[in-house]
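These notes are about the structure you will find just below.
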Amino acid sequence: MVRFTLRNTARSSSMRVDLDPRDDVSEISDIVLECWGSEGFLMTNGYRIIGEGNRIGMEISEGDVVDIIPDPRGIPTGFINRL
């Protein structure tokens with residue numbers, strides 16, 4: 001098992017997660033959707049974006065913090081111009 005922290009930056013909340021290193025990264029997306037109802041996000045581990053096509057053990061190590069951030073590609077450009 002790989003134990004790591006899943007942190008939702010938009011909601012300022014986090015949880016500890018234990019997943020099998022052979023599981024697909026999409027398992028994390030399912031957890032985020034079920035617990036926070038969030039869609040349209042990126043997963044990062046440090047400065048690296050985690051790709052959905054890989055296994056958990058390839059992307060995440062014991063004790064890592066995986067950040068869930070809103071996907072900037074889903075923000076309308078008019079909104080960004082007003083910032």
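Just the heavy atoms: all of them, side chains too, but no hydrogens, waters or symmetry mates, feed the values below. This structure is a prediction, so every number in the text was calculated from the model and none was measured.
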When you compare the side chain of [Y] with that of [X], does any pair of heavy atoms fall below 4.5 Å?
| X | Y | value |
| --- | --- | --- |
| I28 | V17 | no |
| V2 | L19 | no |
| V32 | M43 | no |

Practice task
Check whether more than 12 heavy atoms from other residues, nucleotides or ligands sit under 6.0 Å from atom CD of E62, and answer yes or no.
Solution key: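 For E62, atom CD is crowded (more than 12 foreign heavy atoms under 6.0 Å).
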For the [atom1] atom of [X] and the [atom2] atom of [Y], what is their distance to the nearest 0.5 Å?
| X | Y | atom1 | atom2 | answer |
| --- | --- | --- | --- | --- |
| D18 | D23 | CG | CG | 11.5 Å |
| I68 | T44 | CD1 | OG1 | 7.5 Å |
| S26 | L33 | OG | CG | 12.0 Å |
| R22 | I56 | CZ | CD1 | 12.0 Å |
| I49 | E59 | CD1 | CD | 11.0 Å |

If every non-hydrogen atom of [X] is compared with every non-hydrogen atom of [Y], which pair is closest and at what distance?
| X | Y | result |
| --- | --- | --- |
| R11 | W36 | NH2-O, 2.8 Å |
| R7 | S14 | CA-CB, 3.9 Å |
| I31 | M15 | CG2-SD, 4.0 Å |
| R16 | T5 | NH1-OG1, 2.8 Å |

Exercise for the section: Could you check D67, V65, D64 and say which one makes a side chain to side chain contact (heavy atoms under 4.5 Å, CB included) with N45? Expected result: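 Between N45 and the candidates, side chain to side chain contact (heavy atoms under 4.5 Å, CB included) is satisfied uniquely by D64.
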Handout entry: Positive for side chain to side chain contact (heavy atoms under 4.5 Å, CB included) with V25, one of I50, I60, V66
Key =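 Answer after filtering I50, I60, V66: I50.
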